[in-house]
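Accompanying notes for the structure given below.
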Amino acid sequence: MPEIGEVAGPQLFLLRRLAEVHDGIVAGTLPPYLLAEPTEGTGHVDVGRLVERVAGYERDGVEPMPADLAQALLRVPRSVAPDVVTRAGRLTSAAGQALALRLRGEQPEPRAEITWVRLLVEGSGAGVADGDDRGVGLSVEGSGSGAGVAYRDDRGMRLPVERAGSGAVAAYRDDREPVQGGVHALVPRLLGAEPTGLAMVDELMTGAVVRGRRGAGGCMHWWPYLMPSHREVVAAHLVPYLLERWRPDRVEPRLAEALVSGGGVAGEAVALVQAYFVADRSWSGDPRERARAVVGMAARRDLDGEQVGRQLALLVRRAGLRTGPVFETLEGAAGLGAHREVWGIMTGFLTAYLPGPGERSHTRYTQALTFALRAARWAGARGAVGCVAEIARRRASNNFVREARRLHTYLT
């Protein structure tokens with residue numbers, strides 16, 4: 001078995017499940033059935049049936065396998081009928097009490113916080129070569145404006161960034177901070193979840209999320225079904241792989257679609273995964289196909305449009321993705337009925353994308369304002385957008401300022 005940090009967290013969890021089944025076969029101690037076998041295509045398990053399975057273990061004196069029990073608890077849906085909770089409360093084994101506790105209490109609800117960093121060749125500011133593996137050791141320590149980036153070597157030892165390989169690491173502090181040289185990486189953390197007492201669950205739900213040195217083992221497409229009630233956690237584990245399209249372990253569009261049917265909060269990590277496939281034309285030339293996951297989120301009233309817009313802006317600013325495919329996809333989403341959500345996305349996009357202090361305006365900014373006016377008209381939007389109002393008040397009379405004035409006049 002690999003150690004923690006050698007493979008991605010969900011992959012290690014999968015390997016532990018397989019290993020305990022293998023060991024049970026070898027030792028002749030395999031239970032008659034698995035607690036965690038899903039009953040829904042989303043990966044969820046019907047809680048009534050799970051209560052029956054645990055009760056059967058109790059009657060037969062069967063001890064549950066630890067990873068199987070942890071997996072069963074991760075597959076509990078968000079909504080459970082009160083009578084099922086009552087039945088679970090009558091269970092007497094340790095596994096039954098763990099299930100009852102999960103059903104009576106709040107499910108863990110970690111939130112993802114994502115830091116963009118640049119990997120730089122020491123002293124030159126030039127970018128490192130494509131395929132450089134130093135990003136696997138990155139993690140973020142602290143929070144907010146005091147957060148710092150740490151680098152760990154293959155043994156997990158913390159190194160000062162100036163000793164991290166032959167390069168250094170710099171973190172962005174502001175959405176509109178000018179982009180500088182280097183290869184960009186995404187470093188997520190999971191914060192705010194109370195410990196469950198199950199080590200295998202807590203490893204997935206808390207702390208730094210680091211891309212394992214041995215990757216995802218080709219099993220990334222299983223991850224949404226391991227934690228179907230915790231899509232923000234799944235998305236956080238996908239984030240370190242998001243910009244690595246040239247690697248065998250890469251995030252595919254079907255993973256963004258799987259997040260739509262998952263449960264739990266959809267925060268910064270889910271928004272980033274959804275935004276990536278809005279912006280990336282390489283996987284589909286059909287804008288409506290690229291819009292499918294975002295429209296699905298909108299239909300379920302799960303879409304945080306402003307956060308998706310913010311992530312789109314950061315991807316365009318820092319990852320080399322272009323505004324043309326973004327606006328094509330958003331027009332496709334509006335054509336599928338998500339016109340109000342598209343305007344919400346554009347408000348988040350403009351706030352993070354339009355030029356910050358010291359940045360010059362260029363044609364792409366003007367094009368963003370032009371598209372935003374179209375989106376505002378589709379949605380019948382009203383109410384000033386702060387960054388647009390600020391530009392509209394400028395004395396200049398170039399195309400950029402004129403487009404800002406047109407949009408501001410329509411909104412107000």
Side-chain angles (χ1 to χ4, degrees), residues 9-10 12-14 16-21 23-24 29-111 190-207 222-234 236 258-259 261-267 300-302:
L12 181 59
F13 185 81
L14 278 168
R16 285 168 170 166
R17 289 206 70 207
L18 294 170
E20 72 177 9
V21 170
D23 291 347
T29 58
L30 200 65
Y33 51 84
L34 296 175
L35 297 177
E37 182 182 350
T39 57
E40 305 293 336
T42 58
H44 287 100
V45 61
D46 178 85
V47 182
R49 292 182 62 178
L50 179 56
V51 170
E52 292 173 3
R53 292 171 184 174
V54 176
Y57 272 32
E58 291 183 357
R59 285 193 303 270
D60 298 337
V62 175
E63 189 69 25
M65 296 185 293
D68 185 42
L69 174 60
Q71 175 66 96
L73 297 180
L74 286 170
R75 285 185 163 153
V76 169
R78 289 273 161 178
S79 179
V80 181
D83 65 302
V84 177
V85 178
T86 301
R87 286 168 49 204
R90 301 190 189 109
L91 298 169
T92 58
S93 63
Q97 291 171 5
L99 175 59
L101 182 63
R102 169 59 65 90
L103 300 185
R104 287 196 304 269
E106 295 291 330
Q107 292 221 27
E109 201 73 283
R111 62 180 179 85
L190 288 164
L191 307 171
E194 293 294 326
T196 65
L198 295 171
M200 281 183 277
V201 173
D202 292 338
E203 285 173 9
L204 292 171
M205 297 279 180
T206 58
W222 291 359
W223 293 4
Y225 310 102
L226 299 179
M227 298 174 281
S229 291
H230 303 281
R231 58 182 161 191
E232 181 73 354
V233 178
V234 176
L259 295 176
S261 57
V265 298
R300 291 167 57 106
R301 302 184 184 277
D302 285 343

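- Taking all atoms of both residues into account, the shortest heavy-atom contact from D68 to Y57 is OD2-OH, 4.2 Å.
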Item checked: Audit row: L226, L74, side-chain contact (heavy atoms from CB on, under 4.5 Å) steps and yes/no -> CA-CA 7 Å; L226 299 179; L74 286 170; 5.7 Å; no

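- Of all the heavy atoms in A193 and T206, the pair that sits closest is O-CG2, 4.0 Å.
- Under the 4.5 Å side-chain criterion, counting only non-hydrogen atoms from C-beta, H230 is in contact with R78.
- Under the 3.5 Å distance criterion, the side-chain polar atoms of D46 are matched with a main-chain donor or acceptor of G48.
- Looking only at distances, no side-chain donor or acceptor of R16 sits under 3.5 Å from a matching main-chain atom of M200.
- Contact annotation: the side chain of E109 never approaches that of E232 to less than 4.5 Å [non-hydrogen atoms, C-beta and beyond].
- No side-chain heavy atom of L73 sits under 4.5 Å from any side-chain heavy atom of T196.
- For S229 (side chain) and V76 (main-chain N/O), a donor-acceptor pair under 3.5 Å exists by modelled atom type.
- In plain terms, the two heavy atoms of Q97 and T92 that are nearest each other are NE2-O, 3.1 Å.
- Screening V80, V85, L91 against V51 for a side chain to side chain contact (heavy atoms under 4.5 Å, CB included) leaves a single residue, L91.
- Between L190 and M205 the shortest heavy-atom distance is CB-O, 3.4 Å.
- Going from atom CE of M227 over to atom CD of Q71 covers 8.5 Å, rounded to the nearest 0.5 Å.
- Using a 4.0 Å cut-off between charged nitrogen and carboxylate oxygen, E58 and R90 do not count as a salt-bridge pair.
- When all heavy atoms of F13 and A67 are compared, the closest pair comes out as CZ-O, 4.0 Å.
- Other residues, nucleotides and ligands contribute at most 12 non-hydrogen atoms within 6.0 Å of the CZ atom of R49.
- Salt bridge status for R231 with D302: present, with a side-chain N to carboxylate O gap under 4.0 Å.
- For the atom pair L69 CG and L34 CG, the distance stands at 12.0 Å (nearest 0.5 Å).
- For E203, the CD atom sits in a packed shell: over 12 heavy atoms of surrounding residues, nucleotides or ligands are nearer than 6.0 Å.
- Across every non-hydrogen atom of G197 and D202, the tightest pair is N-OD2, 3.3 Å.
- Counting heavy atoms from C-beta on, the side chains of V54 and L35 come closer than 4.5 Å.
- Under a 3.5 Å cut-off, the side chain of R75 and the backbone N or O of V45 do not form any donor-acceptor pair.
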Note to self: side-chain contact (heavy atoms from CB on, under 4.5 Å), that's the test. Do V21 and M65 meet it? Break it down for me.
What the structure shows: CA-CA 8 Å; V21 170; M65 296 185 293; 4.0 Å; yes

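- A 4.5 Å side-chain heavy-atom check between L99 and L50 finds at least one atom pair inside the cut-off.
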